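Only one structure is covered here, and it is reproduced in the block below.
All chains are named by letter (A, B, ...) in the order of the sequence lines, taking the proteins before the strands, and each is independently numbered beginning at 1. Here the structure is a predicted model, which is why all the values come from computation and not from measurement.
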2 protein chains.
Amino acid sequence: MASIEIGQPLTARGKATRARIVEAATELVRAHGVANTSLDAVLAASDTSKSQLYHYFADKDDLVLAVIQRQTECVLATHESHLRKLHSLAGLRRWRDAVVELSRQTDCAGGCPLGSLVSELAESPRPRELLAESFARWEALLVAGFRAIQARSGTRRDCDLTELATVVLAALQGGLLLAQTTRSTRALELALDMAIDHVEAHLA
Amino acid sequence: MASIEIGQPLTARGKATRARIVEAATELVRAHGVANTSLDAVLAASDTSKSQLYHYFADKDDLVLAVIQRQTECVLATHESHLRKLHSLAGLRRWRDAVVELSRQTDCAGGCPLGSLVSELAESPRPRELLAESFARWEALLVAGFRAIQARSGTRRDCDLTELATVVLAALQGGLLLAQTTRSTRALELALDMAIDHVEAHLA
DNA sequence: TAAAGAGTGGACTAATCAGTCCAGTCCTAG
DNA sequence: CTAGGACTGGACTGATTAGTCCACTCTTTA
């Protein structure tokens, strides 16, 4: 059932160790990418040993799956906290500002953690599936927000909310990629503004 | 002046060897990424030897710079051939169709070669600069197209063509990333349609 | 308290990697 | 034709990597 069959920790101590490994691996992967993150580095950062890592994970690929899931929860939690209370286009623009501010705080470095994982892992079936699910959940968050806006405003135009969510996500990802390249949030701002104008035109 | 000072080939034979190395490296990097492309693999694919590679490149990083430049020329040449003859919004939509078709032909695999390089190399100063230049040239191609459309239609609304190019490029990159993840061109189509509608609204 | 199994420490291996080195061959200029 | 430099082949090195293995400790339970 679970994607990771090997060595689910049975004790509290085991759970803590596994969590420490995933936490350290996630941070290193976000900073340097999967290929540039060695297991030795993960062990050093999490203060664990080889036998512990292989006690909980079949191999590096298996650990990477756990990293994808952990990173997904982090990213979605961040956006969920902004999108949950959404009930107007003004709220959507506040979300935009928050996303831009987040990017600015890190000097546009790293781009989107999930987007980076895509370009590194999309040719491997299982990681790609997991990332596709992550983006589907992200879209669902946006769709829920759009629905709340529609409910508040009373209007209910006939349009596909999922498609709106897809293009907003595409604008976000593309904007972050260009922002990462130019080390300026300009592209991200413009892309999100376009996407939100698009939402406004089709929703209201 | 040039970014690569070491071992510019002086003879025709030398030029051919260097070109073969860059060609093979570019193909391998596009397929597997920089970190997963070993120099030994490049040598095997280009039928050259270690001493040849280090005769023309200082180290792997230096080779990667050449790969970025080569990949840039490939991508820009592809789009230039479509955008050069641009003089109407219908032409822009034909470019959209061509981009989508190109993605479909490879089953959405790999995404944009330049976009993938960004997420792998954007934290290294020199590669990042080179990629920023690549995107700037790409935007310039789009701006030239927009100007041609404006000239043809006679209208000349006051709007920043560079900003329009930025958001079109962002939509393209984000759309390709999501297409790569979902193995469907749907997101790419929607993102480009949104961007072109945006261009139409601000240009015409 | 004693057995059983979960959890741990770290040495070890085999493969792979980037990069070095040197003995050559090929080409061209004088 | 010959010297010098461009170019080439490939063996070699040292570092790093993923993954194995076994002796050991801790914790729970009967």
Side-chain angles (χ1 to χ4, degrees), chain A residues 2 4-29 31-68 120-121 124 126-127, chain B residues 2 4-29 31-68 120-121 124 126-127:
Chain A
I4 296 151
E5 299 92 359
I6 291 180
Q8 277 300 343
L10 301 179
T11 69
R13 186 171 63 137
K15 275 191 222 299
T17 300
R18 187 183 187 280
R20 237 180 321 134
I21 292 172
V22 174
E23 176 63 28
T26 302
E27 201 165 325
L28 287 168
V29 164
H32 309 112
V34 171
N36 291 313
T37 297
S38 73
L39 298 184
D40 286 340
V42 172
L43 301 182
S46 61
D47 195 37
T48 52
S49 69
K50 269 275 162 80
S51 58
Q52 284 171 289
L53 197 156
Y54 281 94
H55 188 69
Y56 298 112
F57 304 97
D59 50 25
K60 188 179 178 179
D61 290 346
D62 196 22
L63 173 60
V64 167
L65 294 183
V67 166
I68 294 172
E120 198 167 3
L121 302 171
S124 311
R126 194 75 189 98
Chain B
I4 297 152
E5 300 94 358
I6 291 181
Q8 277 299 341
L10 301 179
T11 71
R13 186 170 62 135
K15 276 190 223 297
T17 299
R18 187 183 188 280
R20 237 179 322 133
I21 292 173
V22 174
E23 176 63 27
T26 302
E27 203 165 324
L28 287 168
V29 164
H32 310 113
V34 171
N36 291 313
T37 297
S38 74
L39 298 183
D40 286 340
V42 171
L43 301 181
S46 62
D47 195 37
T48 52
S49 69
K50 270 277 161 80
S51 58
Q52 285 171 288
L53 196 154
Y54 281 94
H55 187 68
Y56 298 112
F57 303 97
D59 49 25
K60 188 179 179 181
D61 290 346
D62 196 20
L63 174 60
V64 167
L65 294 182
V67 166
I68 294 173
E120 198 168 1
L121 302 170
S124 311
R126 193 77 189 98

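One can find a donor-acceptor pair under 3.5 Å joining the base of dG19(C) and the side-chain atoms of Lys50(B).
Under 4.0 angstrom from either OP1 or OP2 of dG7(C) there lies no side-chain N or O belonging to Gln52(A). For the pair Thr17(B) and dT8(D), the criterion of a side-chain N or O lying under 4.0 Å from OP1 or OP2 is met. At least one side-chain nitrogen or oxygen of Tyr56(A) sits closer than 4.0 Å to the OP1 or OP2 atom of dT8(C).
Note on Arg126(B) versus Asp61(B): no salt bridge recorded, every NZ/NE/NH1/NH2 to OD/OE distance being 4.0 Å or above.
With no hydrogens or angles considered, no side-chain donor-acceptor pair links Glu23(A) and Thr26(A) at under 3.5 Å.
Closest approach to the Lys60(B) side chain among dT8(C), dG19(C), dC7(D) is made by dG19(C) (side chain taken as heavy atoms from C-beta onward). Proximity note for Thr11(A) (side chain, C-beta onward) versus dG9(D), dG7(C), dA18(D): the nearest is dG7(C). Of the candidates dG9(D), dT17(D), dC26(D), the closest approach to any side-chain atom of Arg13(A) belongs to dC26(D).
Nucleic acid contact class of Ser49(B) (heavy atoms, under 4.0 Å, all strands): base.
For the side-chain contact (heavy atoms from CB on, under 4.5 Å) with Phe57(B), the qualifying choice from Leu65(B), Ile21(B), Val64(B) is Ile21(B), the only one to do so.
When rounded to the nearest whole Å, the span between CG of Asp40(A) and P of dA11(C) equals 12 Å.
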